[in-house]
Visitor: 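Pasting a structure below so you can have a look.
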Amino acid sequence: MKKISRIFIGIDLLLLCVIMGKAAEGQMARFLQSGPADAKERAVMNVSKGESGVMDLSMQDMAKKKVALTFDDGPNANHTGALLDGLKERGVHATFFLLGSQVEKSPELVERMYEDGHLLGNHSYEHVNLSSLSDKAAITQVDLANEAIYQITGEYPEYIRPPYGCWKSNLDYQTTMIEVLWNVDPLDWKTDSVKTIVKRVLKEVEEDDIILLHDASESSVEAAFQIIDKLEKKGYVFVTVDEILFD
Ligand SMILES: [Zn+2]
């Protein structure tokens, strides 16, 4: 549970949601409306060569550092398919926080995510600041998204990433959802530079981090592949968020 405390330390999310929620909402709404055209486990052992030139394995090499990739706002009809192809090629499982309204548009992509072994979570039905709604309206947003996902997978999601990270703790009990935030946010939705996104993540990332990305643009998808390839070389292994939160 170390991760949960790290996520919350130093940030008064409620205050942030009140101050920033509206501004962020405007930006994200524009991002979502602009559409894709505009928006621009493996446990592989590290084998090192010793002085003798003979391949040997050290205990340190065997202790992999875990990190989780998460993708919000999907599925995206134009970009999620390419992302799923690349994740499959690399044998990597990610966590997708899905919008119910998007799930209904591209059910085949959600089916593929589920069949490929990714973890599916809730990101509300239509990307709203849940902390600004009445409890009843917020719960409806959560339930509608859960139902859309259940209709495809036959399983209700257990995890939620509330849009803008804005949640109310009483909703934990009323919805039984587990809130998942993030540690590393490269603001991929603000840039179409793959290099910038990759650089921001590599600069900040540490063991047991949860990385926030969006499968909503070509640059984010390509950046995700480069992040995986570069971090695997540094001894990281990619897991779904449940393995970080509860291991
Ligand atoms: Zn979002």
Visitor: Determine whether D72 and R161 satisfy the following criterion, side-chain contact (heavy atoms from CB on, under 4.5 Å), listing intermediate values before the conclusion.
Guide: CA-CA 8 Å; D72 287 9; R161 172 169 288 152; 2.9 Å; yes
Visitor: Which distance, rounded to the nearest 0.5 Å, do you find between the CG of L69 and the CG of L212?
Guide: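 Here the rounded value is 10.5 Å.
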Visitor: Do the side chains of N146 and Y150 get nearer than 4.5 Å, heavy atoms only?
Guide: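 Result no, sub-4.5 Å side-chain heavy-atom pair not found.
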Visitor: Go through the structure and list residues passing side chain to side chain contact (heavy atoms under 4.5 Å, CB included) with R200, not counting sequence neighbours.
Guide: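 Testing R200 for side chain to side chain contact (heavy atoms under 4.5 Å, CB included), a comparison that skips the adjacent residues, returns P186, L187, T191, T196.
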Visitor: Side-chain contact, heavy-atom cut-off 4.5 Å: V205 with I211?
Guide: yes
Visitor: L171 versus M177: any side-chain heavy-atom pair under 4.5 Å?
Guide: no
Visitor: Kindly compute the distance separating CG (N76) from NE2 (H214), expressed to the nearest 0.5 Å.
Guide: 11.5 Å
Visitor: Kindly state each residue pair satisfying salt bridge (charged side-chain N to carboxylate O under 4.0 Å, His left out) with at least one member in residues 135-150, sequence neighbours excluded.
Guide: D135-K168
Visitor: Can you tell me how far OG of S220 sits from NE2 of H79, rounded to the nearest 0.5 angstrom?
Guide: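 If I round to the nearest 0.5 Å, the distance is 8.5 Å.
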Visitor: Strictly distance-based, threshold 3.5 Å: is any side-chain N or O of D209 a donor or acceptor partner for the main-chain N or O of V67?
Guide: no
Visitor: Closest approach of W167 and V142, non-hydrogen atoms and distance?
Guide: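 Of all heavy-atom pairs spanning W167 and V142, the closest is CZ3-CG2, 4.1 Å.
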Visitor: One pair to check against side-chain contact (heavy atoms from CB on, under 4.5 Å): L84 and M113. What are the steps and the verdict?
Guide: CA-CA 7 Å; L84 292 172; M113 288 172 186; 3.9 Å; yes
Visitor: Are Q102 and Y125 close enough that a side-chain donor and a side-chain acceptor fall under 3.5 Å?
Guide: no
Visitor: List the atom of R112, the atom of G81, and the distance in Å for their closest heavy-atom pair.
Guide: NH1-O, 3.5 Å
Visitor: Grab the two heavy atoms, one from D242 and one from Y159, that are nearest each other, plus how far apart they are.
Guide: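 Heavy-atom minimum between the residues: CB-OH, 3.2 Å.
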Visitor: Between the side chain of S106 and the main-chain N/O of E108, is any donor-acceptor distance below 3.5 Å?
Guide: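 No, the answer is negative, given that no donor and acceptor are paired below the 3.5 Å cut-off.
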Visitor: If you apply the rule side-chain contact (heavy atoms from CB on, under 4.5 Å), what do you find for R90 with D229, and how did you get there?
Guide: CA-CA 8 Å; R90 290 164 174 82; D229 297 343; 2.9 Å; yes
Visitor: So, for E204 and N183, which heavy atoms are closest and what is the spacing to 0.1 Å?
Guide: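 Heavy atoms only, the tightest pair is OE1-O, 4.0 Å.
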Visitor: Just jot down the side chain to side chain contact (heavy atoms under 4.5 Å, CB included) partners of S124, sequence neighbours excluded, or say none.
Guide: L99, V128, L130, Q141, P163
Visitor: Nearest heavy-atom pair of L87 and A94: which atoms, and what distance?
Guide: CD1-CB, 4.1 Å
Visitor: Can you find a side-chain donor-acceptor pair between T80 and D215 that sits under 3.5 Å?
Guide: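 Side chains of T80 and D215: pair found under 3.5 Å.
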Visitor: Would I228 and F238 count as a side-chain contact (heavy atoms from CB on, under 4.5 Å) here? Give the steps.
Guide: CA-CA 8 Å; I228 293 168; F238 286 84; 4.0 Å; yes
Visitor: What residues form a salt bridge (charged side-chain N to carboxylate O under 4.0 Å, His left out) with K66, not counting sequence neighbours?
Guide: D247
Visitor: Which distance, rounded to the nearest 0.5 Å, do you find between the OG1 of T70 and the CG of L181?
Guide: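 Going from the OG1 atom of T70 to the CG atom of L181 covers 10.0 Å.
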Visitor: The criterion is side chain to side chain contact (heavy atoms under 4.5 Å, CB included); which residues satisfy it with A68, sequence neighbours excluded?
Guide: I210, V241, I244
Visitor: Identify the two heavy atoms, one from G235 and one from K64, that lie closest to each other, and give their separation to 0.1 Å.
Guide: O-CD, 3.3 Å
Visitor: Looking at CD of E111 and CD1 of I152, how far apart are the two atoms once the value is rounded to the nearest 0.5 Å?
Guide: 7.5 Å
Visitor: Any chain of hydrophobic side-chain contacts (each under 4.5 Å) joining I160 to L144?
Guide: no
Visitor: Sequence neighbours left out, what passes ring pair (Phe, Tyr, Trp, His ring centres under 6.0 Å) with F96? Give chain and number order.
Guide: F71, H118
Visitor: Is there side-chain contact between D192 and S217, with heavy atoms separated by less than 4.5 Å?
Guide: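 Counting from C-beta outward, D192 and S217 never come under 4.5 Å.
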Visitor: With a 4.5 Å heavy-atom cut-off, do Q226 and V194 have their side chains touching?
Guide: yes
Visitor: Atom CD1 in I178, atom CG in L245: separation rounded to 0.5 Å?
Guide: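 Rounded to the nearest 0.5 Å, the CD1-CG separation comes out at 8.0 Å.
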Visitor: Kindly work out whether a path of hydrophobic side-chain contacts (I/L/V/M/F/W/Y, heavy atoms less than 4.5 Å apart) joins F97 to F246.
Guide: yes
